[in-house]
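Working notes, structure below.
Every chain is numbered from 1, with letters handed out A, B, ... down the list of sequences. Everything numeric here is computed off the predicted structure, so don't read it as measured data.
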There are 2 protein chains.
Amino acid sequence: MNIAVVSKKFDLSQDTLRYYERVGMIPPVNRTPSGIRDYTEENCKWVELAKCMRSAGLPVEVMIEYLKLTQQGEETIPARRELLLEQREQLLAQKAAVESTLDRLNFKIERYEIAMETGVLSWDREEV
Amino acid sequence: MNIAVVSKKFDLSQDTLRYYERVGMIPPVNRTPSGIRDYTEENCKWVELAKCMRSAGLPVEVMIEYLKLTQQGEETIPARRELLLEQREQLLAQKAAVESTLDRLNFKIERYEIAMETGVLSWDREEV
DNA sequence: GCTTGACATAGTGTTAACTACAGATGTTAG
DNA sequence: CTAACATCTGTAGTTAACACTATGTCAAGC
């Protein structure tokens, strides 16, 4: 699978795919004898994982660290677990922040809709 | 309330508070005759809203736009609602991404914990 | 009244995560 | 074979959201 195909498959630019590889967020991709990238299924799985993590906002740096650990064999399993636990904490906090902001948005949207119907904009809790 | 107090109250740096004001993310803050910021309760509510939105990852640009609309009177209520609806969509997408990544993390953490007990690392779905 | 520390503005620096070339090399259709 | 196009490496540029620095003013304690 060449880079054009993978780019379309995961909706990531070719530049981004090369960037992920260069910084070590995914392992080195297979090459044809002439040096053209030829992604294996395994390569694709890493790309997909990277995209998933990034979409949730996990730093590139963290994926680089995770990849390093996986490449150092099974004795790094506890360290990998630790790393993932930390990131889970981050994500749970992130989720809470998103949910609380969604509450705020819903409240405001509702007030605005009432205002559009009745002509009266009333904040009945601490709001601006 | 001076900037030091507000900074502590919301755990935002003084630089950040000044930055938010400068770019128009919150309205201009009251000043003493000599030019020192003197935050009112209303000012604080804007700071708190700004912090909430930013914590969920909504762009500064969006808050600037929202503030502008609120300052143009009640005829912008439909536009404000539109803006908030868009951001709600963003946040729902963000929440979905976070949840799906949390699933991935939980799956991996579990495998690693099993591996640490049994010595066997088994991926039973498409994973790296 | 003088030092000291908080606050002011203005401008520059930083960091993360891409993104956009440029110039060279490889590939393919006719 | 050659034109046209894809991919390569390496470097430089961009953007968002602050953080830092320099320099100047003001207010409070002694």
For A:Asn2 and A:Val5, indicate whether the former's side chain and the latter's backbone hold a donor-acceptor pair under 3.5 Å.
yes
When the distance from CG of B:Leu58 to P of D:dA16 is rounded to whole Å, what number comes out?
15 Å
What's the CD-P distance between B:Glu21 and C:dC7, to the nearest Å?
14 Å
Over all strands shown, is B:Arg18 touching base, sugar-phosphate only, or nothing at heavy-atom distances under 4.0 angstrom?
base
What nucleotide, of C:dT27, C:dC7, D:dC18, holds the atom closest to the side chain of B:Thr16?
D:dC18
Relative to the ring of A:Trp46, is the ring of A:Tyr66 parallel (under 30°), tilted (30 to 60°) or perpendicular (over 60°)?
tilted
Would you mind reading off the distance between A:Leu17 atom CG and D:dT9 atom P, rounded to a whole angstrom?
13 Å
What's the OH-C1' distance between A:Tyr19 and C:dT15, to the nearest Å?
11 Å
Closest listed nucleotide, where the reference is the side chain of A:Thr32 and the choices are D:dA17, C:dT27, C:dC7
C:dT27
From C:dA17, D:dA19, D:dA17, nucleotide with atom closest to B:Ser13 side chain:
D:dA19
d(CG, A:Asn30; C1', D:dC8) in whole Å
16 Å
Taking only N and O in the side chain of A:Tyr20, is any of them less than 4.0 Å away from OP1 or OP2 of C:dA17?
no
Rounded interatomic separation in angstrom, taking CD from A:Glu65 and C1' from C:dA16:
17 Å
If you only use heavy atoms from C-beta on, which nucleotide in C:dC7, C:dC18, C:dA8 is closest to the side chain of B:Arg37?
C:dA8
Between B:Arg54 and B:Ile36, the residue closer to the 5' end of DNA chain D by nearest nucleotide is B:Arg54
Distance col, row A:Leu12:CG vs A:Tyr20:OH, nearest 0.5 angstrom, shows 5.5 Å
Have a look at B:Arg22 and say if it touches a base, only the backbone sugar-phosphate, or nothing, with a 4.0 Å heavy-atom cut-off.
nothing
Looking only at side-chain atoms of A:Gln14, point me to the closest of D:dT7, C:dG26, C:dA17.
D:dT7
Below 4.0 Å: OP1/OP2 of C:dA6 and any side-chain N or O of B:Asn2
no
Name the closest nucleotide to the B:Asp15 side chain, picking from D:dA19, C:dG26, D:dT7.
D:dA19
If I take atom CZ from residue A:Arg54 and atom CG from residue A:Leu49, how far apart are they, to the nearest 0.5 angstrom?
12.5 Å
Quick one: does A:Glu21's side chain have a donor or acceptor within less than 3.5 Å of a partner on A:Pro27's backbone?
no
What's the CG-P distance between A:Asp38 and C:dT27, to the nearest Å?
11 Å
Could you tell me how far apart A:Tyr39 (OH) and D:dT7 (P) are, to the nearest whole angstrom?
10 Å
When you check the phosphate oxygens OP1 and OP2 of D:dT7, does a side-chain N or O of A:Ser34 lie under 4.0 Å from one of them?
no
Between A:Gln90 and the options A:Gln94, A:Gln87, A:Arg88, the side-chain contact (heavy atoms from CB on, under 4.5 Å) test singles out A:Gln87
B:Arg31 side chain near C:dT9 phosphate (N/O to OP1/OP2, under 4.0 Å)
yes
